[in-house]
Amino acid sequence: MAGHSPQTQAKNTVAALIREARAAGWVRARFEIRPDGSVTVEANMIDQEGGDDFLESELRMGR
């Protein structure tokens, strides 16, 4: 990767990580590489059901 910008290197790295995560069977993978060099990885083997903290029965309108 000689001669590539840091942004291009980061994008290529993340693309490779996502490709490998999918090949390994991970359902969800999120990678964040910040300009300061720090990295955040969030990955799950199961798909989390919606993040809502309320029930359908609590969605009544007009009452």
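Predicted model only: the values in this text are computed from it and were never measured. In this chain, residues are counted from 1 in sequence order.
For Arg34 and Glu32, the salt-bridge test passes: some basic side-chain N is under 4.0 Å from an acidic carboxylate O.
Distance CD/Glu42 to OG1/Thr40: 7.5 Å, rounded to 0.5 Å.
Of the possible donor and acceptor atoms, one in the side chain of Thr13 sits under 3.5 Å from a partner among the backbone N and O of Gln9.
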**OP:** Go through the steps for Ile33 and Val14 under the test side chain to side chain contact (heavy atoms under 4.5 Å, CB included), then give the verdict.
**Re:** CA-CA 8 Å; Ile33 300 176; Val14 168; 3.5 Å; yes

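Few gaps surround CZ on Arg30; more than 12 heavy atoms of other groups in view lie less than 6.0 Å from it.
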